[in-house]
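Quick one: the structure is below, and I'll ask about it shortly.
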Amino acid sequence: MSINFSLKIYGIFVYQNFAPIVVFIVLLIALLGVPFILQSLLSPKQNKGGQKLDTYECGEVPEGNAWIKFNIRFYIIALIFIIFDVEVVFLFPWAVVFNELGMLAFVEMMIFIAILLVAFAYVWVKEDLNWVKMSVKYGKGRYANLKGDKEV
Amino acid sequence: MSEILFYAIAAITIGSAFWVVTSKNLVYSAVWLFVTLFGVAGLFIFLYADFIAATQVLIYVGGVLVLIIFGVMLTSKIDTAKISQSSKGKFIGAVLSLLIFGMMLTVILTTNWKVGELQSVDSTVNTIGNMILNEYLLPFEAVSILLLGALIGSAMLSRKK
């Protein structure tokens, strides 16, 4: 049982070429992890506090929290993204067998895409794809005195 | 070697799933869910389901998780109140999950697992492609209508007006 089990798992990496992915993941963890471990070993331990612990914002003084309330528009965009993500998943097996099936596969997939284009047309017509128009409320930062602007 | 890999992936999946449930902060829970979903993709690979593993990464890690994080970030009090999830009914929850665990354990232990011969397994994508374009063409086209309906319905519900 045990030998068979490990043989089976070994087979996955041999036949389905997942070994490179494992190598990539190990490399990724190593390349990200080693610098972190190194810097925690090498850097001085005392906590200077203050600006040292600020978020790095390309040289700007960071203002406010990163965890702000997002606009609902992002949610709709994400929903649309998922639908077309699923569509793309169906394109993969189609692309693999495309050479064997030829014209038939092409027509079938075009019907599939055409039906989903209706969905795209729907969100387009209903202006879900238009970007946010909102009146900006400025927070406590340096723009606090600006008022009443409309920003596109 | 491969067995170690399997147990490592399983441990990562279960451990991160544990953190998803117990983390006090919703945003942290969402980030731990990222690790869990990736681990599930790894487990799919061990089942020779390479297409499903890729789909898992594409749709769940790439799409659904983004949606969940947006869902968390859309909560109205996120910038002021401390968001913490408070678990309620812990006792009933524990009893229920123990019952489900027992049920799964019984099924695992009583099933007569058939260990097949080792054979060369090609990628499943080819087979799936042939299936959906020949044998299961109608369900495949119906999927697009389902997606269409899902998009129209969800866009309508999440619109502001």
Side-chain angles (χ1 to χ4, degrees), chain A residues 1-2 4-18 21-22 64-65 67-76 78-90 92-98 100-101 104-105 108-109 111-116 118-120 122-123 126 128, chain B residues 1-3 5-6 27 45-46 48 50-51 53-55 58-59 62-64 66-67 70-71 73-79 83 113 115-134 137 140-141 143-145 147-152 154-156 158-160:
Chain A
M1 165 71 197
S2 176
N4 206 331
F5 183 61
S6 77
L7 264 180
K8 272 189 119 163
I9 291 172
Y10 183 66
I12 295 171
F13 297 109
V14 173
Y15 298 118
Q16 296 200 350
N17 290 321
F18 274 103
I21 293 180
V22 176
N65 204 329
W67 291 0
I68 52 166
K69 189 189 164 194
F70 279 32
N71 194 290
I72 189 95
R73 282 301 170 98
F74 288 110
Y75 193 74
I76 300 177
L79 278 172
I80 296 166
F81 165 70
I82 286 190
I83 299 292
F84 290 103
D85 207 20
V86 176
E87 180 192 354
V88 167
V89 163
F90 279 105
F92 283 121
W94 169 74
V96 169
V97 297
F98 183 71
E100 296 169 34
L101 296 175
L104 178 74
E108 285 167 358
M109 187 46 86
I111 295 170
F112 185 82
I113 292 173
I115 294 170
L116 274 166
V118 177
F120 185 64
Y122 174 81
V123 289
K126 289 285 183 178
D128 285 328
Chain B
M1 162 65 196
S2 299
E3 272 181 68
L5 201 64
F6 172 77
V27 181
I45 292 174
F46 282 98
Y48 284 80
D50 57 343
F51 181 67
T55 310
L58 254 173
I59 292 179
V64 172
V66 171
L67 206 64
F70 276 142
M73 299 309 273
L74 280 166
T75 33
S76 57
K77 295 253 171 72
I78 191 157
D79 45 352
I83 299 220
W113 295 101
V115 180
E117 286 291 303
L118 177 70
Q119 44 187 300
S120 82
V121 180
D122 289 328
S123 170
T124 55
V125 182
N126 206 301
T127 322
I128 291 173
N130 270 315
M131 287 273 193
I132 59 173
L133 292 174
N134 290 317
L137 180 61
F140 169 64
E141 300 292 353
V143 163
S144 67
I145 295 172
L147 286 173
L148 173 69
L151 179 61
I152 290 176
S154 53
M156 233 184 108
S158 56
R159 210 171 291 139
K160 252 180 184 169

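None of these values were measured; they are calculated from a predicted model. Order of the sequence lines sets the chain letters (A, B, ...), proteins ahead of strands, with each chain counted from 1.
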- Query: A:Ile113 versus chain B, heavy atoms under 4.5 Å apart: side chain, backbone, both or neither?
  - Reply: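 Neither the backbone nor the side chain of A:Ile113 comes within 4.5 Å of chain B.
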
- Task: Work out which heavy atom in B:Glu141 is nearest to a heavy atom in A:Glu108; give both atom names and the distance.
- Result: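 Smallest interatomic distance, heavy atoms only, reads OE2-O, 2.9 Å.
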
- Message: Please evaluate residues A:Val118 and B:Ile152 with respect to the criterion side chain to side chain contact (heavy atoms under 4.5 Å, CB included), reporting the C-alpha separation (whole Å), side-chain torsions for both, the decisive distance (0.1 Å), and the verdict.
- Response: CA-CA 10 Å; A:Val118 177; B:Ile152 290 176; 5.6 Å; no

- Query: For the residue pair B:Phe140 and A:Phe112, is the inter-centroid distance of their aromatic rings smaller than 6.0 Å?
  - Reply: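 Ring centres of A:Phe112 and B:Phe140 closer than 6.0 Å.
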
- Message: Under a 4.5 Å cutoff for heavy-atom pairs, which residue among B:Leu58, B:Leu67, B:Val64 has the most contacts with chain A?
- Response: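 With the most close heavy-atom pairs to chain A, the winner is B:Leu67.
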
- Tell me, for A:Ile82 versus chain B, whether the close heavy atoms (under 4.5 Å) come from the side chain, the backbone, both or neither.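 The side chain, not the backbone.
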
- Candidate pair A:Phe81 and B:Val66, rule side chain to side chain contact (heavy atoms under 4.5 Å, CB included), full reasoning: CA-CA 10 Å; A:Phe81 165 70; B:Val66 171; 5.5 Å; no

- Specify the closest pair of heavy atoms between A:Glu87 and B:Leu147, including all atoms of both residues, with the distance to one decimal.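 Answer, listing the atom of A:Glu87 first, then B:Leu147: N-CD1, 4.4 Å.
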
- Is there a side-chain contact between B:Leu151 and A:Phe84 (heavy atoms, below 4.5 Å)?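 Side-chain contact under 4.5 Å: yes.
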
- Query: In terms of heavy-atom pairs under 4.5 Å with chain A, which of B:Gly63, B:Gly149, B:Ala53 leads?
  - Reply: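 Going by pairs under 4.5 Å, I would pick B:Gly63.
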
- Message: Under a 4.5 Å cutoff for heavy-atom pairs, which residue among A:Ile83, A:Val96, A:Leu116 has the most contacts with chain B?
- Response: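 Winner by heavy-atom pair count: A:Ile83.
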
- Message: Working note: A:Leu101 + B:Asn130, criterion side chain to side chain contact (heavy atoms under 4.5 Å, CB included); need CA distance, chi angles, decisive distance, verdict.
- Response: CA-CA 8 Å; A:Leu101 296 175; B:Asn130 270 315; 3.9 Å; yes

- 4.5 Å side-chain heavy-atom contact, B:Ile132 and A:Trp94: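 When only atoms from C-beta onward are counted, A:Trp94 and B:Ile132 do not touch, as no gap falls below 4.5 Å.
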
- Query: Side chain, backbone, both or neither: which part of A:Ile115 has a non-hydrogen atom closer than 4.5 Å to chain B?
  - Reply: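 Both parts, heavy atoms under 4.5 Å.
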
- List the atom of A:Tyr122, the atom of B:Ala155, and the distance in Å for their closest heavy-atom pair.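 Nearest heavy atoms, A:Tyr122 then B:Ala155: CE2-CB, 4.4 Å.
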
- Item | Per-residue contact mode, A:Val123 against chain B (heavy atom under 4.5 angstrom) |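 Side chain only.
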
- Item | Residue among B:Leu133, B:Asn126, B:Thr55, B:Val125 with most heavy-atom pairs under 4.5 Å to chain A |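 Going by pairs under 4.5 Å, I would pick B:Leu133.
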
- Task: Would you give the length of the straight line joining atom OH of A:Tyr75 to atom OG of B:Ser154, rounded to the nearest 0.5 angstrom?
- Result: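 Result: 8.0 Å between the selected atoms.
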
- Query: Of the non-hydrogen atoms in A:Phe90 and B:Val143, which two are nearest, and what is the gap between them?
  - Reply: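 What the structure gives for the nearest pair is CE1-CG1, 3.5 Å.
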
- Side chain, backbone, both or neither: which part of B:Ile128 has a heavy atom under 4.5 Å from chain A?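 Both backbone and side chain.
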
